[in-house]
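One structure below.
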Amino acid sequence: MTKSYVKLGELASYINGYAFKPKDRGTDGLPIIRIQDLTGSSNDRGFYKGNYPSEIEINTGDVLISWSASLGVYIWNNGKALLNQHIFKVVFDKKEIDKDYFVYAVQFSLNKMKRLTHGATMKHVVKKDFENVLIPYPSLEEQRKIAYVLDKLKISIGKKTSELNKLDELIKARFVEMFGDPVLNSHHYNLVKLSNLGTLARGKSKHRPRNDPQLLGGPYPLIQTGEITNSDIFIKKFTNTYSELGLQQSKMWPKGTLCITIAANIAQTAILAFDACFPDSVVGFIPENCDVMPLYLHYWFSFFQKIIDSQASQVAQKNINLKVLSNLEVMLPPKNKQNEFANFVQQVDKSKFENIVYLNKTLSSKILSQLGDAIRD
């Protein structure tokens, strides 16, 4: 492949979305597309019926790039819509470029872009920095060949991902096999209020504004709701950290704490794999009753998440209070059965890990062989 590179700014124009206000979001008109709608982290779609700049209109086939909070590149396939701020619409009006190749090249340059981000709590890429990012630029024919190979790889990865999802289903099926239907408590276990099983309290973030730079950049991990939502069982990584001042206005929770979201994405859970702080949009649970395991509770919550979410109050965004969680009645099977379930999860999780490592290695080697050193970290 010819070793030729080009700046993103030389390939296309990038049009930023419009800063829609909360009062603009209605139930009629064209859907307003936010970063959450691209990542699938929210189903709370808003609509706009009124005048708007024509350049923010998007349609099926458009390439979109989120440049704030969650960096990503997407091909939009859901008809006419309007673009919210923090997302670029890509207009190919400069050099010859295959759209699918462009998406792959940007996708695998995202790690490079993350190093260019600015901001305290909401990281973003400055447009000038974004436009200066280099990607490999072979001939149009070579671009199409590369995109074809990567499309085939994507199908293979999709099949492997489906296998991983089946392993998740296997764990939940094993839970029901061992403990019965948790919603009906079909095995008639004792019911104990969650607050009686351990310490249950909201995280702390007293200082205002919460994104004060003085609070951030120190050695203390700071977990947000998104990191809980995007974790599997354990929270193993973090993006932000607190300084000494940040720690003083917060609270450090120990490894093994069950984290429960109470805002936006309701009642999703994950277990801390290290000591960390988190804000008051997250509740921490530390078992003080030796009869319950956080891993068991994590899967118990998975059966109730949609039920709790549907009952959440909604003003600006969904939320539940600590009282709701405190009064949840948890069925309590024998500890030896919980241990048996934990051993089963550990074995399945090992299989999942091996599959993920395989996928990452296969993907990385294939991408590097196709796109070259320009996207190598």
Q: Let me see the working for Tyr18 and Tyr52 under ring-ring contact (aromatic ring centres under 6.0 Å, His included), right down to the final yes or no.
A: CA-CA 8 Å; Tyr18 180 72; Tyr52 58 86; 9.1 Å; no
Q | From NZ (Lys251) to NZ (Lys206), nearest 0.5 Å | A | 11.0 Å
Q. Do the ring planes of Phe179 and Tyr189 sit parallel (below 30°), tilted (30 to 60°) or perpendicular (above 60°)?
A. perpendicular
Q) Is there a chain of hydrophobic side chains (I, L, V, M, F, W, Y, each step under 4.5 Å between heavy atoms) that links Phe278 to Met252? A) no
Q) Are the side chains of Asn78 and Thr60 in touch, meaning some heavy atoms are under 4.5 Å apart? A) no
**Q.** Full working for side chain to side chain contact (heavy atoms under 4.5 Å, CB included) between Thr269 and Leu297
**A.** CA-CA 9 Å; Thr269 63; Leu297 278 178; over 6 Å; no
Q.
Just by distance, no angles: are the side chains of Tyr220 and Glu244 close enough, under 3.5 Å, to form a donor-acceptor pair?
A. yes
Q) Judged by atom type as modelled, is there a donor-acceptor pair below 3.5 Å linking the side chain of Asp129 to the main-chain atoms of Val125? A) no
(Q) Looking at Glu177, I'd like to know if its CD atom is crowded, meaning that more than 12 non-hydrogen atoms belonging to other residues, nucleotides or ligands lie closer than 6.0 Å. (A) yes
Q: Establish, for the pair Lys172 and Phe303, whether the NZ or CZ atom is under 6.0 angstrom from the six-membered ring centre and no further than 45 degrees off its axis.
A: yes
(Q) Counting neighbours of NZ on Lys255 that are heavy atoms of other residues, nucleotides or ligands and sit closer than 6.0 Å, is the number greater than 12? (A) no
Q) Can Gln249 and Ser205 be counted as having a side-chain donor-acceptor contact under 3.5 angstrom? A) no
Q. What's the verdict on side chain to side chain contact (heavy atoms under 4.5 Å, CB included) for Ile223 and Phe274, showing C-alpha distance, side-chain angles and the deciding distance?
A. CA-CA 11 Å; Ile223 298 302; Phe274 45 80; 4.0 Å; yes
Q. Does Ser54 offer a backbone N or O that forms a donor-acceptor pair with the side chain of Glu57 under 3.5 Å?
A. no
Q.
Can you tell me if Gln214 has over 12 outside heavy atoms packed within less than 6.0 Å of its CD?
A. no
**Q.** Donor-acceptor contact present, side-chain Ser250 to main-chain Gly246, <3.5 Å
**A.** no
Q) Sub-3.5 Å donor-acceptor pair from the side chain of Ser243 to the main-chain atoms of Leu215, do we have one? A) yes
(Q) With clusters defined by side-chain heavy atoms of hydrophobic residues (ILVMFWY) lying less than 4.5 Å apart, directly or transitively, does Phe92 cluster with Leu140? (A) no
Q | Interatomic spacing from NZ in Lys127 to CG in Asn16 - rounded to 0.5 Å | A | 7.5 Å
Q: Look at the side chain of Glu142 and the backbone N and O of Ser139, then say whether any donor-acceptor pair between them is shorter than 3.5 Å.
A: yes
(Q) Checking the side chain of Asn132 only, and the main-chain atoms of Lys7 only, is there a donor and an acceptor separated by less than 3.5 Å? (A) no
Q) Where the side chain of Asp37 meets the backbone of Arg34, is there a donor-acceptor pair that is under 3.5 Å apart? A) yes
Q.
Just by distance, no angles: are the side chains of Thr261 and Gln268 close enough, under 3.5 Å, to form a donor-acceptor pair?
A. no
Q. Does any N or O in the side chain of Ser66 come within less than 3.5 Å of the main-chain N or O of Ile87, such that one atom is a donor and the other an acceptor?
A. no
**Q.** For Phe301 against Ala267, the heavy-atom pair lying closest together
**A.** CD2-O, 4.2 Å
Q | Working for side chain to side chain contact (heavy atoms under 4.5 Å, CB included), residues Trp76 and Asn59 | A | CA-CA 7 Å; Trp76 180 251; Asn59 217 324; 5.7 Å; no
(Q) Is it the case that the side chain of Asn196 and the backbone of Val192 share a donor-acceptor pair, with hydrogens and angles ignored and the cut-off at 3.5 Å? (A) no
Q: Could you label the plane-to-plane angle of the Tyr104 and Phe108 rings as parallel, tilted or perpendicular, counting under 30° as parallel and over 60° as perpendicular?
A: parallel
Q: Indicate yes or no: does Lys335 engage Glu340 in a salt bridge with an N to O separation below 4.0 Å.
A: no
Q) Phe234 and Ile286: same hydrophobic cluster, using ILVMFWY side-chain contacts below 4.5 Å? A) no
Q | Parallel, tilted or perpendicular: ring planes of Tyr296 versus Phe175, cut at 30 and 60 degrees | A | parallel
Q.
Please check: side-chain N/O of Tyr48 versus main-chain N/O of Asn51, any donor-acceptor pairing under 3.5 Å?
A. yes
Q: Using a strict 4.0 Å threshold on nitrogen-to-oxygen distance, state whether Asp24 and Lys21 make a salt bridge.
A: no
Q. Between Arg202 and Trp253, what is the shortest heavy-atom contact and its length?
A. O-CZ2, 3.9 Å
Q: Measure across Ile233 and His298 and return the closest heavy-atom pair with its distance rounded to 0.1 Å.
A: CA-NE2, 3.8 Å
Q.
Test of understanding: clusters of I, L, V, M, F, W, Y form through side-chain heavy atoms closer than 4.5 Å, transitively. Do Ile308 and Leu200 belong to the same one?
A. yes
Q | Aromatic plane relationship, Phe88 with Trp67 - under 30° parallel, 30 to 60° tilted, over 60° perpendicular | A | parallel
Q.
Check for me, please, whether Ile235 and Met293 land in the same ILVMFWY cluster - side-chain distances under 4.5 Å, paths through other members count.
A. no
